[in-house]
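Along the sequence shown, residues are numbered consecutively beginning with 1. Order of listing sets the numbers, starting from 1, for every ligand and every atom in it.
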Amino acid sequence: MKLGVFDSGIGGLTVVKSLLSHNLFEEIVYFGDTARVPYGIKDKNTIVRYAIEAVEFFKNFELDLIIVACNTVSAYALEEMRENSTCPIIGVVDSGVLATVNALSEKNSNILILGTKATINSKAYEIGLHALGYKNLQTKATGLFVPIVEEEIYNGEILQAAFRHYFKEIEVPHAIILGCTHFPLISQEIQKYFGKDTLLIHSGDAIVEYLEREFSFPKRYKNPELKFFASENPEALRNVAKKWLNLV
Ligand code: DGL
């Protein structure tokens, strides 16, 4: 099994991290569109165009599956990507919803959904969760977290200022969906801000369960080959990947 993983930048590495512990793939080809990140402030046409270009890039690798490890692209461009692809493509919003169902049996739980402006405007999570009976939802677009994470700022005053800016009127929820794959990189600080009683959920949490439900994996691969590509400064992406995925 050869897998492609696509994100606008480094955020999709949080999904790769979840995948690596399960040895499902022989090879993982990661592509981050670092020259054009962030996607979350762009309109649907632009997001779709960039996403189709990523599909074209992946055609160089004879992949068996592509995971769109970006909620923004998953919310807007999956259909168009599939029309242009020779292999199946899955997104992370469905697995984020699955992770929420797994973590929260109480349907009245107050859930705060965080994401980029585009993801929040798409209402992708709200639609998925409403259909399953979760009605007590708040949403907040927190797009500034994306460039902060791309700058490798994972704590400190700039992040705290962004928290104060976005969260000052938010009531403390039972759970927070990290509806952007960049956000798990600052999850420790989000947890500290809201306190330990708030449960944090991210789409990578259920990605393996989701994959095993949708596809069959007859073989396991102990040491998958990892290839990292970026539309700008691939070396920087590889360095972050090494750090984040504990690669030697
Ligand atoms: N990591 C992305 C997401 O999950 C995209 C962030 C962005 O490019 O704005 O939405």
OG of Ser74 to CE of Met81, rounded to nearest 0.5 Å, is 8.0 Å
Pairing of Lys192 and Glu189 as salt bridge, 4.0 angstrom limit
yes
Pairs in or reaching into residues 221-231: which pass side chain to side chain donor-acceptor pair (under 3.5 Å), with residues at least two apart or in two chains?
Glu27-Lys227, Asp33-Ser231
Yes or no on salt bridge (Lys or Arg N to Asp or Glu O under 4.0 Å) for Glu235 and Arg238, after CA distance, side-chain angles and deciding distance?
CA-CA 5 Å; Glu235 217 32 63; Arg238 282 182 200 124; 3.3 Å; yes
List by chain and number: which residues place a heavy atom under 4.0 Å from ligand 1?
Asp7, Ser8, Val37, Pro38, Tyr39, Gly40, Cys70, Asn71, Thr72, Thr116, Val146, Cys180, Thr181, His182
Tell me whether Arg36 is salt-bridged to Glu150, with the criterion being a basic N under 4.0 Å from an acidic carboxylate O.
no
Could you check whether Asn84 and Glu56, counting side-chain N and O atoms only, form a donor-acceptor pair closer than 3.5 Å?
no
